[in-house]
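Some notes on the structure that comes next.
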Amino acid sequence: MAKPRIVVLISGSGSNLQALLDSPDLGGEIVLVASDTPDAGGLARAVDAGVPATSVRLADHPDRRTWEAALQDQVAAVRPDLVVLAGFMKILSGTFVSTWPTVNVHPSLLPAFAGAHAPADALEWGVKVSGVTVHYVDEEVDHGPIIAQRAVPVLDDDTVATLHGRIQQQEHILLPEVVAAICAGRVTRTGRRVTIAPA
Ligand code: GRF
């Protein structure tokens, strides 16, 4: 049987993309990496790995709707089975995220600290434990059903950079594990409850 086809959307350095590219048993094929900016470092990682890479800039379109439609056209053209948001910093509409199963990696234990500054928000709040969440994406930001989480302790001398760095180490393990489980058909979703069957 053909491997599930995966599109990865990025905006930044693409270290999570790299973890997916490096995973020996992902069970799926990354067929396209797309960014909302040509400056995303992750685009070079895709090119190095021989994966088609593209960027679709909001600034090149008259409004968000036509930008998203252009991005959606590029994604649809490669017929994905799964879309992975790996540091993609634009909000996508319910139409987009309900077209394909879509997952996101977020650097906190949701529902705590949704939004673009999760490690800073966790530090400022003073929590002793934060972590990483991989979740299905719905029409609300950082809100969809949680697939998997890993806790990361917050240390007394943490800065935003050191905390985010340790969270990212866990992201690089958890995201490929979840994507592999989805590709293997081991993930079941019932309402907000998601279970992963053993390999
Ligand atoms: C990650 O920390 C992810 O949780 C967040 O954005 C960051 C992306 O990092 N959504 P990278 O581009 O994968 O290095």
Side-chain angles (χ1 to χ4, degrees), residues 6-23 26 28 30 32-49 51-58 71 75 82-92 96-97 101-125 127 129-155 158-180 182 194:
I6 302 167
V7 169
V8 183
L9 302 186
I10 61 167
S11 298
S13 81
S15 66
N16 280 285
L17 165 66
Q18 193 68 56
L20 293 170
L21 290 167
D22 291 344
S23 175
L26 202 59
I30 300 176
L32 178 69
V33 172
S35 170
D36 61 319
T37 163
D39 300 330
L43 291 171
R45 298 179 190 266
V47 172
D48 286 350
V51 174
T54 186
S55 62
V56 183
R57 284 199 331 153
L58 178 56
L71 178 65
V75 174
L82 175 67
V83 174
V84 179
L85 308 186
F88 188 67
M89 298 308 285
K90 289 273 189 306
I91 296 169
L92 295 165
F96 189 108
V97 302
T102 302
V103 301
N104 179 46
V105 58
H106 181 77
S108 75
L109 295 177
L110 290 171
F113 310 119
H117 310 287
D121 293 344
L123 263 189
E124 190 179 316
W125 193 260
V127 293
V129 178
S130 190
V132 48
T133 301
V134 181
H135 65 95
Y136 283 114
V137 179
D138 65 10
E139 65 289 344
E140 290 181 52
V141 175
D142 299 331
H143 172 272
I146 292 168
I147 306 170
Q149 294 183 305
R150 291 286 183 281
V152 173
V154 179
L155 306 181
D158 261 335
T159 62
V160 175
T162 59
L163 176 60
H164 197 186
R166 289 203 317 290
I167 291 172
Q168 284 205 308
Q169 288 174 8
Q170 295 305 312
E171 292 180 348
H172 300 161
I173 298 168
L174 191 61
L175 182 62
E177 279 181 13
V178 168
V179 170
I182 293 172
V194 180

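Order of appearance sets the numbers: ligands from 1, and atoms from 1 within every ligand.
- Of all heavy-atom pairs spanning Val141 and Ala114, the tightest one is O-CB, 4.5 Å.
- Of the possible donor and acceptor atoms, none in the side chain of Ser35 sits under 3.5 Å from a partner among the backbone N and O of Pro38.
- Distances shorter than 4.0 angstrom do not occur between any heavy atom of Gly42 and any atom of ligand 1.
- Any N or O atom pair closer than 3.5 Å counts here, and Glu171 shares at least one such pair with ligand 1.
- Considering both main-chain and side-chain atoms, Gly14 comes within under 3.5 Å of ligand 1 through a nitrogen or oxygen pair.
- Of the protein's heavy atoms, Gly87 CA, 3.5 Å lies nearest to atom 6 (O) of ligand 1.
- Atom CG of Leu155 has more than 12 heavy atoms from other residues, nucleotides or ligands within 6.0 Å.
- Heavy-atom contacts of Pro107 reach the following atoms of ligand 1: 4 (O), 5 (C) (cutoff under 4.0 Å).
- Summarising the geometry of Arg166 relative to Val154, their closest heavy-atom pair is NH2-CA, 4.2 Å, with the distance given to 0.1 Å.
- His106 places a side-chain N or O within donor-acceptor distance of the main-chain N or O of Phe113, the cut-off being under 3.5 Å.
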Show, in sequence, the C-alpha distance, side-chain angles and deciding distance for Arg150 and Ile173, and conclude whether the side chain to side chain contact (heavy atoms under 4.5 Å, CB included) test is met. CA-CA 10 Å; Arg150 291 286 183 281; Ile173 298 168; 5.9 Å; no
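- Each of the following atoms of ligand 1 lies closer than 4.0 Å to a heavy atom of Ser15: 11 (P), 12 (O), 13 (O), 14 (O).
- At least one N/O-N/O distance between Val105 and ligand 1 falls below 3.5 Å.
- For atom 9 (O) of ligand 1, the nearest non-hydrogen atom from the set His164, Gln170, Gln168 comes from Gln168.
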